[in-house]
*Asks:* 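I have a structure here, written as structure tokens, and I will follow up with some questions on it.
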Amino acid sequence: MRDLSRRSFLKGALASGAAVAAGAGLAACSPASPQASAGDAQTSDGTAAATDGGRWSWSKKPEPITDFVETYDADVCIVGLGAAGAPSAMYAATHGLNTVVLQKGNAAISNGWCANAINNKVWLESGGEPFDTGELYADFAEISNGRDNGKLVMNFLNRGGEVMNWILDNTTELTPVVVEKGQTIGWYVDNDFSTRYAQYAELLRLMGEKAEAAGATMLWDTPAVQLITDESGAVTGVIGQNKKGEYVRVNTSKGVLMACGDISDDEEMLECYAPLLLGVHNMHGAPNNTGDAVRMGSWINAQITPAPHALMMHFDPTWLPEGNAPFSGIPWLRVNKKGERFGNEDAPYQGVVQAVAAQPEKLAFQITDSRWMDHIDDMPNPNSHSRETADPANDWAKAVKSGAIIESDTLEGLADAYDIDKETFLATVERYNELCEKGVDEDFGVKGEFMGYNAIKEPPFYAIKRAPGVLATVGGLQVEEHSRVLNNDGDVIKGLWAAGDCGGSFYGHEYPMVLPGGSIGRGFILGVLSIKDMMDDFDSVTA
């Protein structure tokens, strides 16, 4: 069937009679984080925020906004034009829905480059065998800590190929590439992996243009600031604020889709929901992910993913000025600035990254010798990545030339290059080599066969600096299987959906690599399925 084994791997009435979001009921944040004094917090745009209702700047709902420069009547309003918003806007507009998009920036914005879509046609048409989605879910469930909605995840797995096929059929200007053993679609130019980010941005731009050409109204530089509800609590629209500080109102007859990203650009939100990311370098070019869905949802009693939100913190792409180096997932010896080995190098990738984030200066160094290439294909770990490269020797040479990999004829040279404590480092390498000769990792339990490959004895020696970078958090408004947002009683809030990284009920405590490209993929698939649900068409084949 496939070569992946089960074990491997958000006062008053308005003129129309609707009321602006007015509920309380925040989900609790990290109980371990210190208390802050109320009364002096600020919102993400720097304005004063009322905090007398609780600890956080969003703890108390704001006064309802009632003065608008313009009002739009729409079927659907999509909040955000990223991985979930762009394909959803394209689907809604091309299927005849009167669609309004509120976008915080002046373009479609999303971080990443590939999207998971199980049993997509590119994979199947290339001769790939179908994946067993039940088996995939079993792998996923093993590491989701019981925090996922299994029906939601299965909808993603079972409908992924179908929705992706529709996206591919409607973006034929760009050529997709199958990556990660057929689970995942990426976009390159001339099979050049370095073009993947630019091409993904081009894909989102293209989807936005197609939505606009089909009649969608794009309100650029107009982030959503409040949801609108009626007397029953159903969401009937959303309010945006333009660059002049003026408010626009969008009334919706079918629904609002929250697709406005995660919390990772807001330090207060991180302190509340993902404190492990505080102080870690942020990889976002545009700091738009400020927890808008969580903020607005909390004011209408929406249920928020309990802390901690799942983390997406990677070594690749790197923010280090020397650039990327291949093989960040290979279980070579890793040491910190003190020269100490600090954990199992063959742990799941996200776990290794988190372990590095806990080290001095949030740095670690992979150490290997002249035989680095001999066994790179013998050290697989399906819950990792960056163990494959199309041209290892050439990519390695480029990284040495750029300084991303340091080469030295002596171990002392490596220590000097990175200011690693030399005496401790040399002792660590000596102990590591002893364990490699035994074929048993008595210190941290790396598989014996891997240790046998990894002794550091033959010059030249190599050191690769690894530093974590924040890509996203993946948690937000809790949803049921159709991505309809739930309130704190577990009931559906009518008229409100959430998809992408502001949607919860999907991941556990961290972002796993058993579904590579899952963050963007679930944005694509669950975003489009949300629009289908608004159309009362959820169960039909996407076309």
*Asks:* I'd like a table of donor-acceptor pairs (distance under 3.5 Å, sequence neighbours excluded) in which one partner is a side-chain atom from residues 453-462, with atom names and distances.
*Replies:*
unit_1: N454; atom_1: ND2; unit_2: P331; atom_2: O; d: 2.8
unit_1: N454; atom_1: ND2; unit_2: F450; atom_2: O; d: 3.2
unit_1: K457; atom_1: NZ; unit_2: E437; atom_2: OE2; d: 2.4
unit_1: Y462; atom_1: OH; unit_2: E407; atom_2: OE1; d: 3.2

*Asks:* So, using side chain to side chain contact (heavy atoms under 4.5 Å, CB included) as the criterion, who are the partners of E267 when residues are at least two apart?
*Replies:* L278
*Asks:* So that I can tick it off, tell me whether E271 and R55 are bridged by a salt bridge, with the cut-off set at under 4.0 angstrom between side-chain N and carboxylate O.
*Replies:* yes
*Asks:* What residue pairs, at least two apart or across chains, pass salt bridge (Lys or Arg N to Asp or Glu O under 4.0 Å) with a residue in residues 108-121?
*Replies:* K121-D169
*Asks:* Does S264 reach the main-chain N or O of A472 with its side chain, forming a donor-acceptor pair under 3.5 Å?
*Replies:* no
*Asks:* Looking at residues at least two apart in the chain, or sitting in another chain, which of them share a salt bridge (Lys or Arg N to Asp or Glu O under 4.0 Å) with E322?
*Replies:* K465
*Asks:* Identify, with sequence neighbours excluded, every residue that meets ring pair (Phe, Tyr, Trp, His ring centres under 6.0 Å) alongside H281.
*Replies:* W319
*Asks:* Could you tell me if N158 and T133 have a donor-acceptor pair between their side chains, going purely by distance under 3.5 Å?
*Replies:* yes
*Asks:* Please determine whether a side-chain nitrogen of the Lys or Arg among E442 and K438 lies less than 4.0 Å from a carboxylate oxygen of the Asp or Glu.
*Replies:* yes
*Asks:* Measure up the F327 and W372 rings against each other and bin them: parallel (under 30°), tilted (30 to 60°), perpendicular (over 60°).
*Replies:* tilted
*Asks:* Among residues two or more places apart or on two chains, list those pairs meeting salt bridge (Lys or Arg N to Asp or Glu O under 4.0 Å) that have a residue in residues 511-528.
*Replies:* D501-R522
*Asks:* Could you tell me if the side chain of Y273 sits less than 4.5 Å from the side chain of I304, heavy atoms only?
*Replies:* yes
*Asks:* Do D132 and Y137 have side-chain atoms, one donor and one acceptor, less than 3.5 Å apart?
*Replies:* no
*Asks:* Who passes side chain to side chain contact (heavy atoms under 4.5 Å, CB included) against K422, sequence neighbours left out?
*Replies:* E412, A415, D416, L426
*Asks:* Please tell me if the side chains of D292 and K104 come closer than 4.5 Å, counting only heavy atoms from C-beta onward.
*Replies:* yes
*Asks:* Return yes if some donor-acceptor pair links the side-chain N/O of T473 with the main-chain N/O of A310 below 3.5 Å, else return no.
*Replies:* no
*Asks:* Do V353 and F315 have side-chain heavy atoms sitting under 4.5 Å apart?
*Replies:* yes
*Asks:* Does the separation of the ring centres of H314 and Y349 fall below 6.0 angstrom?
*Replies:* yes
*Asks:* Verify whether one side chain among S57 and E268 offers a donor that lies under 3.5 Å from an acceptor in the other.
*Replies:* yes
*Asks:* Output all residues satisfying salt bridge (Lys or Arg N to Asp or Glu O under 4.0 Å) with D391, sequence neighbours left out; order by chain, then residue number.
*Replies:* none
*Asks:* Per the salt bridge (Lys or Arg N to Asp or Glu O under 4.0 Å) rule, what does the pair list look like for residues 357-374, sequence neighbours excluded?
*Replies:* D369-R371
*Asks:* Any sub-3.5 Å donor-acceptor pair from Q366's side-chain atoms to R334's backbone N or O?
*Replies:* no
*Asks:* Is a donor on one side and an acceptor on the other found under 3.5 Å between the side chain of Q359 and the backbone of A355?
*Replies:* yes
*Asks:* Determine whether a donor-acceptor pair (N or O, by modelled atom type, separation under 3.5 Å) exists between the side chain of N120 and the backbone of A117.
*Replies:* yes
*Asks:* With sequence neighbours left out, write down each residue that passes salt bridge (Lys or Arg N to Asp or Glu O under 4.0 Å) with R341, or none if nothing qualifies.
*Replies:* E345, D441
*Asks:* Does a side-chain heavy-atom distance below 4.5 Å link N111 with M283?
*Replies:* no
*Asks:* Looking at H509 and N145, would you say the former's side chain and the latter's main chain have a donor-acceptor pair under 3.5 Å?
*Replies:* no
*Asks:* Give a yes-or-no answer on whether the side chains of S110 and Y200 include a donor-acceptor pair shorter than 3.5 Å.
*Replies:* yes
*Asks:* Charged N to carboxylate O below 4.0 Å: is that the case for K337 and D421?
*Replies:* no
*Asks:* Is there a donor in the side chain of D266 and an acceptor in the side chain of N289, or the other way round, less than 3.5 Å apart?
*Replies:* no
*Asks:* By side chain to side chain contact (heavy atoms under 4.5 Å, CB included), which residues pair with T184, not counting sequence neighbours?
*Replies:* C114, N116, V179, E180, P516
*Asks:* Using the salt bridge (Lys or Arg N to Asp or Glu O under 4.0 Å) criterion, which residues pair with E162? Sequence neighbours excluded.
*Replies:* R159
*Asks:* For Q478, does its backbone N or O pair with a side-chain atom of Q303 as donor and acceptor, under 3.5 Å?
*Replies:* no
